[in-house]
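Here's the structure we're looking at; comments come further down.
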Amino acid sequence: MTNYIRSFYVFIFTFFCLQASAQKIAVLEVTLNYETAGLDIPVSTYLDKITLLPDNKLILKEITGGKPVTVAYQIEKINGQRQLYWIIKTAGNKAQRRIFELSRATALKKSGHIKTITSDSALTISANNKTLLRYNIYNHKLTFPQIKDTLLRSGFIHPLNTPHGQALTRIEAWDHKHHMGLWSAWTHVLFEGDTLDFWNLYKKQGTIRFAKTESAKAGPVFAEYKTLQEHVAYKKNGSEKVAMNETQSMRIYQPDANQGYYLLDITTHLNAATKSPFTILKYSYSSLGWRATEKWNRTNSEVLTSEGKVRKEADGARARWVLVQGKIDDDYGGAVMMSYPANFNHPEPLRVWPENIFNNGDMYTNFVPNKDRDWPIVKGNDYVLKYRFVVFSGKFDQVKSEAAWQYFAHPPVVDVKMNKAARK
């Protein structure tokens with residue numbers, strides 16, 4: 001065989017190997033049905049229905065103007081099946097129809113992605129060398145003017161930082177020592193014949209404590225912690241009893257460097273720990289509370305709800321989302337807190353402190369699903385609350401807030417068109 005013929009066969013062999021290695025598996029078509037306001041939109045689809053190729057043999061590209069652009073993706077196993085996640089970037093691209101190709105090829109490794117950092121005291125999520133969220137797992141000591149005892153509280157988020165690094169949360173305020181940044185608790189609960197308060201810790205009727213880290217994930221698309229928190233009832237005989245288990249996940253989607261906002265999803269699963277119901281009774285405040293930065297007051301911060309209510313009108317009003325923002329030193333920032341449509345009692349009533357509180361108008365807000373009704377948590381059932389935060393530097397408005405909620409409430413459907421040749 002001559003060198004020419006040998007070279008020809010080598011060329012043909014290499015060509016077909018390269019073609020096979022980059023073989024298109026499927027086209028993933030996404031239609032954006034709502035105004036995007038230039039915001040990131042997380043999307044996902046079940047991967048095993050498309051291909052059983054291993055994770056490191058796949059590459060995802062968006063076809064923009066006829067040209068393929070590589071897109072970062074992340075794969076997660078849910079109930080034994082793989083889910084493919086990626087982010088649609090809409091800033092500078094107003095196309096309603098977005099086309100992606102999933103192909104067989106060597107996956108590209110992206111460095112510098114969002115990270116989880118675990119220590120003995122906290123679980124931290126950081127991106128672009130900046131801390132975005134810290135979930136505290138150590139036993140924080142609290143002293144109250146009402147009692148002489150020192151009490152312990154763990155399992156709370158502080159700080160929750162803007163992209164520019166300013167804390168949006170506050171702990172141990174002089175007026176409410178039990179306010180722990182961004183934290184969850186229930187104020188009025190019926191359990192085994194006792195009415196308990198897990199919110200106002202100084203009553204010494206119960207507490208919430210971090211039990212364990214169930215998982216930690218990080219990749220090119222998101223970083224996430226999943227933790228177990230125990231709602232501990234203090235019994236009249238001096239003993240303790242875990243009354244309810246709360247599994248909480250905190251997921252932040254990868255922001256671009258110098259991006260002025262990021263998306264945080266907090267999902268809570270509530271499960272009765274005993275055969276006795278954990279009945280959350282009607283009360284004016286409970287659930288996931290946000291005690292905002294001490295830099296805010298009634299003159300330099302503002303509230304706007306999905307129904308157009310401002311701060312003086314918002315308390316007790318129902319809303320799909322609430323925007324809270326204000327001046328922080330020489331900067332500006334805030335967050336949009338959004339309620340998922342499947343949440344109990346959605347659209348949820350709000351608790352927003354009045355403008356004249358403590359003579360300066362400190363900021364506090366949260367959704368209160370039990371504000372006007374009881375909520376029994378019964379053994380064997382899984383009760384889920386989902387919230388998304390858009391945490392930002394600068395200013396947000398009604399258009400961006402509504403767009404963010406629409407894509408949280410109604411994630412885009414991924415239309416999968418298989419390449420028939422790839423099935424063979």
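- Remark: the backbone N or O of Val414 is not paired with any side-chain donor or acceptor of Thr45 at under 3.5 angstrom.
- Annotation: Lys417, atom NZ; neighbour count of heavy atoms from other residues, nucleotides and ligands within 6.0 Å is above 12.
- Looking at Asn136 and Leu123, their side chains never come closer than 4.5 Å, going by heavy atoms from C-beta outward.
- Between Tyr283 and His188, the two ring planes are tilted [angle within 30° to 60°].
- Side-chain contact between Lys61 and Val69 is absent, with no heavy-atom pair separated by less than 4.5 Å.
- A donor and an acceptor atom, one from each side chain of His178 and Glu172, are nowhere located under 3.5 Å apart.
- Taking the side chain as every heavy atom from C-beta outward, Leu168 and Ile328 approach each other to under 4.5 Å.
- For the residue pair Tyr202 and Asp149, no side-chain donor N or O sits within less than 3.5 Å of a side-chain acceptor on the partner.
- Side-chain atoms of Gln83 and Ser44 form a donor-acceptor pair, as typed in the model, at a separation below 3.5 Å.
- Between Arg298 and Glu355 there is no salt bridge, since no side-chain nitrogen of the basic residue lies less than 4.0 Å from a carboxylate oxygen of the acidic one.
- Counting non-hydrogen atoms of neighbouring residues, nucleotides and ligands closer than 6.0 angstrom, the NZ atom of Lys309 reaches no more than 12 such neighbours.
- Environment of NZ in Lys203: crowded, with over 12 heavy atoms of neighbouring residues, nucleotides or ligands closer than 6.0 Å.
- In this model, a donor atom of one side chain and an acceptor atom of the other lie less than 3.5 Å apart for Asn366 and Tyr364.
- Using modelled atom types, no side-chain atom of Thr274 and backbone atom of Val242 make a donor-acceptor pair closer than 3.5 Å.
- Counting only distance, with no hydrogens or angles, the side chain of Gln74 and the backbone of Val221 share a donor-acceptor pair below 3.5 Å.
- The pair Glu76-Lys217 meets the salt-bridge criterion, with a side-chain N (NZ, NE, NH1 or NH2) lying under 4.0 Å from an Asp/Glu carboxylate O.
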Verdict with supporting geometry, Leu323 and Phe392, side chain to side chain contact (heavy atoms under 4.5 Å, CB included) | CA-CA 11 Å; Leu323 164 63; Phe392 58 88; 3.7 Å; yes
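- The distance between the ring centers of Trp186 and Phe278 does not fall below 6.0 angstrom.
- Proximity of a side-chain donor or acceptor of Tyr73 to a complementary backbone N or O of Leu58 within less than 3.5 Å is detected.
- Between the side chains of Asp256 and Asn128, no donor-acceptor pair of N or O atoms lies under 3.5 Å.
- Here the side chains of Leu201 and Arg153 are in contact, with some heavy-atom distance below 4.5 Å.
- Between Asp372 and Arg318 there is a salt bridge, since at least one side-chain N of the basic residue sits less than 4.0 Å from a carboxylate O of the acidic one.
- The main-chain N or O of Lys241 is never found under 3.5 Å from a side-chain atom of Tyr234 such that the two would form a donor-acceptor pair.
- In summary, the side chains of Gln406 and Glu402 do present a donor paired with an acceptor at a separation below 3.5 Å, with no hydrogens or angles considered.
- The ring of Trp321 has its center no closer than 6.0 angstrom to the ring center of His346.
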Determine, stepwise, if the pair Arg351 / Asp315 fulfils salt bridge (charged side-chain N to carboxylate O under 4.0 Å, His left out).
-> CA-CA 5 Å; Arg351 171 59 175 156; Asp315 187 47; 3.2 Å; yes
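- Using a 4.0 Å cut-off between a side-chain N of Lys or Arg and a carboxylate O of Asp or Glu, Asp374 and Lys282 do not qualify as a salt bridge.
- The ring of His176 has its center no closer than 6.0 angstrom to the ring center of Trp199.
- Considering only heavy atoms from C-beta on, Leu47 comes within 4.5 Å of Ile75 through its side chain.
- Judged purely by atom type and a 3.5 angstrom limit, Asn356 has no side-chain atom pairing as donor or acceptor with the backbone of Gly361.
- Side-chain contact of Asn161 with Gln166: a donor-acceptor pair under 3.5 Å is absent, judged by distance alone.
- The line from OG1 of Thr131 to CG of Leu160 is 11.5 Å long, rounded to the nearest 0.5 Å.
- A 6.0 Å sphere centred on CG of Asn258 holds no more than 12 heavy atoms belonging to other residues, nucleotides or ligands.
- Under the 3.5 Å distance criterion, the side-chain polar atoms of Ser103 are left unmatched by any main-chain donor or acceptor of Ile25.
- Not a single donor-acceptor pair under 3.5 Å links the side chain of Trp296 to the backbone N or O of Glu302.
- Counting only distance, with no hydrogens or angles, the side chain of Thr187 and the backbone of Tyr285 share a donor-acceptor pair below 3.5 Å.
- Listed by chain and residue number, nothing satisfies the side chain to side chain donor-acceptor pair (under 3.5 Å) test with Asp330 (two or more places apart in sequence, or in another chain).
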Derivation and outcome, side-chain hydrogen bond (donor to acceptor under 3.5 Å, both in side chains), residues Ser184 and Glu246 | CA-CA 10 Å; Ser184 60; Glu246 176 183 358; 2.9 Å; yes
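- Annotation: side chain of Ile41 is in contact with side chain of Thr90 (closest heavy-atom distance under 4.5 Å).
- Ion pairing between a basic and an acidic side chain is recognised when a charged N comes within 4.0 Å of a carboxylate O; Arg82 and Asp55 show such pairing.
- Side-chain contact, Gln325 with Tyr332: no donor N or O sits under 3.5 Å from an acceptor N or O.
- Judged by distance alone, the side chains of Asn271 and Asp382 do bring a donor and an acceptor atom under 3.5 Å apart.
- Here the rule is salt bridge (charged side-chain N to carboxylate O under 4.0 Å, His left out) with Glu62, and of Lys67, Arg97, Lys89, Arg98 only Arg98 fits it.
- The cationic atom of Arg388 (NZ for Lys, CZ for Arg) does not lie both less than 6.0 Å from the six-membered ring centre of Tyr407 and within 45° of the ring axis.
- Checking Asn245 against Gln229 by side-chain atom types alone, no donor-acceptor pair falls below 3.5 Å.
- Shown here are the ring-ring contact (aromatic ring centres under 6.0 Å, His included) partners of Tyr225, two or more places apart in sequence or in another chain: there are none.
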Apply the test side-chain hydrogen bond (donor to acceptor under 3.5 Å, both in side chains) to residues Asp40 and Tyr262: give CA-CA distance (whole Å), side-chain angles for both, the deciding distance (0.1 Å), then the verdict.
-> CA-CA 8 Å; Asp40 288 355; Tyr262 62 87; over 6 Å; no
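- With a 6.0 Å radius and a threshold of 12 heavy atoms from other residues, nucleotides or ligands, Lys130 has its NZ atom above the threshold.
- With hydrogens and angles ignored, the 3.5 Å screen pairs no side-chain donor or acceptor of Asn300 with any backbone N or O of Gly326.
- Donor-acceptor pairing under 3.5 Å is recorded for the side chains of Asn360 and Asp362.
- Remark: Glu348 does not engage Lys371 in a salt bridge, criterion side-chain N to carboxylate O under 4.0 Å.
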